[in-house]
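When a residue number appears, it is its place in the shown sequence, counting from 1.
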Amino acid sequence: IPYSKPYSELKGETLERRGDFYKQYQQTNNKDSILAEAQKYLLKVSDSFFRSWYNTPWTFHGHSQAPGEGSIACGYFVTTTLRDMGFHIPRIKWAQQASEYLIKKVSTDISRFHKKPMKDIVDFIENKGEGLYIVGLDQHVGYIYYIDGKMSFVHANYYRPKIGVMSESLIGRN
């Protein structure tokens, strides 16, 4: 189900909320609680960003900045959504790098899996807890979105380029 609010409104509301979190963070001694609240908000709102992009076609050189317009490649999908959710990142540079480069820039909590069954990865993420995970494959990047006990892979799908951005089950033929 696509998201129905205009993307510009979604971005504006998210950036306003980011500003609110920043003010609260500056004014409190309990910074961990503000960070936890901001993380919960970001996890919830990320689904709206993803749904806005659903069905935006994939092309290798796609670099759209607006859902449903033109096309988008996987790296640009990840960096554009991160930027639009309020992260100050060099969208183009990071989109054009190997996924490992992007992941190392946004996280220090990195786990690697090589020739492991998908069940091992699902079990690992279940143990880590609900959240938004950036996943780098050999030639691809996307998100694992884990919320309300459900896990999905959200990405700009090069196997189904006309559909492009979509959410798929982690278990299956994706």
Side-chain angles (χ1 to χ4, degrees), residues 1-5 7 9-25 28 30-56 67 72 74-89 91 94-95 99-114 116-137 140-157 163-174:
I1 300 171
Y3 189 68
S4 60
K5 185 182 286 188
Y7 196 67
E9 272 186 49
L10 177 62
K11 287 185 351 182
E13 288 173 4
T14 303
L15 291 177
E16 184 177 319
R17 191 76 171 104
R18 181 182 188 270
D20 294 342
F21 283 125
Y22 180 75
K23 287 177 192 170
Q24 291 173 20
Y25 185 84
T28 186
N30 191 0
K31 295 187 183 320
D32 289 344
S33 68
I34 302 302
L35 288 174
E37 189 180 338
Q39 288 171 334
K40 285 179 190 174
Y41 172 78
L42 183 61
L43 180 59
K44 289 281 187 190
V45 79
S46 61
D47 184 56
S48 299
F49 280 91
F50 300 155
R51 287 179 186 278
S52 295
W53 281 93
Y54 286 175
N55 296 312
T56 301
I72 194 154
C74 58
Y76 279 101
F77 169 67
V78 170
T79 60
T80 301
T81 51
L82 287 173
R83 180 203 63 194
D84 292 350
M85 286 187 275
F87 291 88
H88 297 289
I89 62 171
R91 171 185 172 264
W94 289 8
S99 58
E100 182 179 35
Y101 183 89
L102 162 68
I103 292 167
K104 284 181 173 180
K105 292 290 188 177
V106 298
S107 181
T108 56
D109 184 7
I110 298 171
S111 298
R112 297 175 190 272
F113 298 88
H114 181 71
K116 297 285 185 189
M118 195 58 168
K119 179 162 180 7
D120 289 0
I121 297 165
V122 169
D123 291 345
F124 173 83
I125 292 171
E126 284 176 341
N127 287 331
K128 291 287 282 182
E130 293 189 347
L132 187 60
Y133 299 82
I134 298 176
V135 179
L137 306 173
H140 196 48
V141 65
Y143 296 101
I144 290 179
Y145 182 65
Y146 181 30
I147 190 168
D148 298 330
K150 296 178 185 164
M151 226 179 274
S152 59
F153 184 49
V154 181
H155 63 123
N157 190 337
I163 294 173
V165 179
M166 63 187 309
S167 175
E168 298 184 86
S169 170
L170 287 185
I171 305 296
R173 298 185 62 186
N174 56 32

Checklist entry - Between F87 and L42, is any pair of side-chain heavy atoms under 4.5 Å apart? => result yes

Checklist entry - Going through the distances and angles, do F153 and Y143 end up as a side chain to side chain contact (heavy atoms under 4.5 Å, CB included)? => result CA-CA 6 Å; F153 184 49; Y143 296 101; 5.9 Å; no

Checklist entry - What is the distance from atom NZ of K11 to atom OG of S48, rounded to the nearest 0.5 Å? => result 14.5 Å

Checklist entry - K105 versus I89: any side-chain heavy-atom pair under 4.5 Å? => result no

Next on the checklist: Quick one: does any side-chain atom of T28 pair with a main-chain N or O of Y25 as donor and acceptor, under 3.5 Å?
Outcome noted: no

Item to check | Pairing residues for F113 by the ring-ring contact (aromatic ring centres under 6.0 Å, His included) criterion, not counting sequence neighbours | outcome: F124

Checklist entry - Is a donor on one side and an acceptor on the other found under 3.5 Å between the side chain of S107 and the backbone of I103? => result no

Item to check | Test log, rule side chain to side chain contact (heavy atoms under 4.5 Å, CB included), inputs L82 and W94 | outcome: CA-CA 11 Å; L82 287 173; W94 289 8; 5.8 Å; no

Checklist entry - What closest approach, in Å, do R91 and T80 show between heavy atoms, and which atom pair accounts for it? => result NE-OG1, 2.7 Å

Checklist entry - Is the backbone N or O of D123 less than 3.5 Å from a side-chain atom of N127, with the two atoms forming a donor-acceptor pair by type? => result yes

Next on the checklist: Please evaluate residues E100 and R112 with respect to the criterion salt bridge (Lys or Arg N to Asp or Glu O under 4.0 Å), reporting the C-alpha separation (whole Å), side-chain torsions for both, the decisive distance (0.1 Å), and the verdict.
Outcome noted: CA-CA 10 Å; E100 182 179 35; R112 297 175 190 272; 2.7 Å; yes

Checklist entry - ring-ring contact (aromatic ring centres under 6.0 Å, His included) with Y22: which residues, sequence neighbours excluded? => result none

Next on the checklist: Surrounding NZ of K31 (heavy atoms of other residues, nucleotides or ligands, distance under 6.0 Å), is the total greater than 12?
Outcome noted: yes

Checklist entry - Does Y145 reach the main-chain N or O of S167 with its side chain, forming a donor-acceptor pair under 3.5 Å? => result no

Checklist entry - Between W53 and F77, what is the ring plane arrangement, given parallel below 30°, perpendicular above 60°, and tilted in between? => result perpendicular

Checklist entry - Is the shortest heavy-atom distance from the side chain of I147 to the side chain of D47 under 4.5 Å? => result no

Between side-chain atoms of residues 128-135 and protein atoms elsewhere (two or more places apart, or another chain), which donor-acceptor pairs fall under 3.5 Å?
{"unit_1": "K128", "atom_1": "NZ", "unit_2": "D109", "atom_2": "OD1", "d": "3.4"}
{"unit_1": "K128", "atom_1": "NZ", "unit_2": "D109", "atom_2": "OD2", "d": "2.6"}
{"unit_1": "E130", "atom_1": "OE1", "unit_2": "D148", "atom_2": "N", "d": "3.3"}
{"unit_1": "E130", "atom_1": "OE2", "unit_2": "D148", "atom_2": "N", "d": "2.8"}
{"unit_1": "E130", "atom_1": "OE2", "unit_2": "G149", "atom_2": "N", "d": "2.7"}
{"unit_1": "Y133", "atom_1": "OH", "unit_2": "G129", "atom_2": "O", "d": "2.5"}

Checklist entry - If you round to the nearest 0.5 Å, how far is NE2 of H155 from SG of C74? => result 9.5 Å

Item to check | Shortest non-hydrogen separation from T14 to M85 and the atoms involved | outcome: CG2-O, 3.7 Å

Checklist entry - How far does CG of D32 sit from CD of E37, to the nearest 0.5 angstrom? => result 13.0 Å

Next on the checklist: Assess the residue pair L170 and I121 against the criterion (side chain to side chain contact (heavy atoms under 4.5 Å, CB included)); give the C-alpha distance rounded to whole Å, side-chain angles, the decisive distance to 0.1 Å, and a yes or no.
Outcome noted: CA-CA 9 Å; L170 287 185; I121 297 165; 5.7 Å; no

Next on the checklist: Please evaluate residues M166 and N55 with respect to the criterion side chain to side chain contact (heavy atoms under 4.5 Å, CB included), reporting the C-alpha separation (whole Å), side-chain torsions for both, the decisive distance (0.1 Å), and the verdict.
Outcome noted: CA-CA 6 Å; M166 63 187 309; N55 296 312; over 6 Å; no

Next on the checklist: Cation-pi check for Y41 against R17: NZ or CZ below 6.0 Å from the six-membered ring centre and within 45 degrees of the axis, yes or no?
Outcome noted: yes

Checklist entry - Minimum heavy-atom separation for Y54 to V154, with atom names? => result CE2-CG1, 4.3 Å

Item to check | Positive for side-chain contact (heavy atoms from CB on, under 4.5 Å) with T79, one of L102, V106, V141 | outcome: L102

Item to check | Reported OG-to-CG distance for the pair S52 and L10, which is rounded to 0.5 angstrom | outcome: 5.0 Å

Next on the checklist: Nearest 0.5 Å, please: how far is NZ in K104 from OG in S99?
Outcome noted: 10.5 Å

Next on the checklist: Nearest 0.5 Å, please: how far is CE in M118 from OG in S169?
Outcome noted: 8.0 Å

Checklist entry - Would you find a donor on one side and an acceptor on the other, under 3.5 Å apart, between the side chain of R18 and the backbone of G86? => result yes

